[in-house]
Visitor: 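Below you will find the structure I want to go over with you.
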Amino acid sequence: MNDFAARLIAWQAVHGRHDLPWQNTRDPYAIWVSEIMLQQTQVAAVIGYYRKFMQRFPDVAALAASGQDEVLQHWSGLGYYSRARNLHQAAQMVVDEHGGIFPRDFEAIQRLPGIGRSTAAAISSFAFDLPQPILDGNVKRVFARHFLVEGWPGMPRTEKRLWTLAEQLMPQQEMVAYTQGLMDLGATLCTRSKPGCEICPLRQTCGAFLNQRVKELPSPKPRKPLPEKAITMLLLVDGDEVLLEKRPSSGIWGGLWSLPEVADGGDAQTAARERYGAETDMLPALPVFTHVFTHFRLHITPQPMRIIRHLPEARQLSAVWLSRQEAIGAALPTPIRKILKNLPD
Ligand code: SF4
């Protein structure tokens with residue numbers, strides 16, 4: 001047996017959890033229900049729900065025969081209700097397709113709704129003593145830290161590497177103690193924040209501990225780059241006055257005064273004429289500046305334009321001409337105030 005597994009098993013015997021309500025049983029149904037409940041919920045929160053659920057639905061036949069409403073009612077408060085719907089549907093499949101006997105075949109277990117490879121492995125190991133490697137969220141964290149596996153564990157490449165490790169490390173004996181040890185270590189010692197490295201049985205070989213990288217691993221989910229948007233803002237200048245326009249009440253800068261805008265590459269002079277009745281001369285554009293919103297990045301090109309004459313027919317009710325000082329004092333978004341303050345004379 002490899003050293004990693006041996007130390008984990010020795011630790012589990014002394015420090016692991018041995019008396020949870022779903023331990024010390026070989027009943028695949030009881031193990032399955034616990035594994036599904038534990039998928040997104042902590043042990044302490046699961047225990048009470050588990051006991052009540054098992055009282056009401058003591059076996060797969062009882063669960064299959066119940067209505068979905070009642071199953072959901074017993075799940076109420078645990079969250080992620082698709083777990084309960086899948087459990088119910090899978091119980092009916094066990095009754096219909098497997099004669100009410102939970103399948104032992106690893107592939108058949110995985111074909112049941114809501115059971116992925118790791119959950120199937122836990123059921124197979126705990127109920128049937130048929131060793132299969134597990135890799136739930138806690139175990140991924142232990143492996144990523146101990147073996148310095150870079151990359152977010154949700155990425156296929158990283159996950160593949162973690163599964164390979166899970167397969168290589170799995171011992172041929174004492175599989176139940178090993179699997180339970182991995183789960184316990186991930187849940188109680190190698191926790192997301194403040195892991196108990198000082199008392200961890202793996203610390204002599206743990207790459208993250210030895211290289212002071214525990215806080216960095218596993219790598220976080222990469223942030224998606226923010227979408228980019230570019231606009232031109234019209235700086236219509238008539239003597240000392242500039243034109244401001246009120247923004248719609250919803251959307252960015254809703255209800256504030258701002259400069260009129262056109263999409264990047266749009267015809268500024270046509271927009272000035274058609275929207276504001278202004279014949280203009282284009283002046284050199286000011287430097288582009290970028291404003292970052294939570295959901296996108298806006299590149300703004302301020303385009304100064306001098307008024308040659310006002311056309312009488314055009315009236316824009318949402319637009320006003322204000323002296324530069326008045327404009328700076330209006331309810332403006334900060335970047336627009338900055339543009340006006342820096343506007344050359
Ligand atoms: S030494 Fe720390 S980081 Fe490494 S496996 Fe143990 S608890 Fe996790």
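Computed over heavy atoms, backbone and side chain alike; hydrogens, waters and symmetry mates excluded. Because the structure is a prediction, the values reported are computed rather than measured. As the structure lists them, so they are numbered: ligands from 1, and atoms in each ligand from 1.
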Visitor: Would Glu261 and Arg247 count as a salt bridge (Lys or Arg N to Asp or Glu O under 4.0 Å) if you check the C-alpha gap in whole Å, the side-chain angles of each, and the deciding distance to 0.1 Å?
Guide: CA-CA 10 Å; Glu261 60 184 64; Arg247 297 189 61 89; 3.0 Å; yes
Visitor: What distance do Glu326 atom CD and Leu340 atom CG have between them, rounded to the nearest 0.5 Å?
Guide: 12.5 Å
Visitor: Could you label the plane-to-plane angle of the Phe147 and Phe4 rings as parallel, tilted or perpendicular, counting under 30° as parallel and over 60° as perpendicular?
Guide: tilted
Visitor: Does atom CZ (Arg324) have a neighbourhood of more than 12 heavy atoms from anything else shown, all under 6.0 Å?
Guide: yes
Visitor: Around atom 8 (Fe) of ligand 1, list the protein N/O/S atoms within a radius below 2.8 Å, excluding water molecules.
Guide: Cys190 SG
Visitor: Using every non-hydrogen atom in the two residues, find where Ile328 and Arg337 come nearest and quote the distance to one decimal.
Guide: O-NE, 2.8 Å
Visitor: Which atom pair, heavy atoms only, marks the closest approach of Met175 to Ser125?
Guide: CE-OG, 3.9 Å
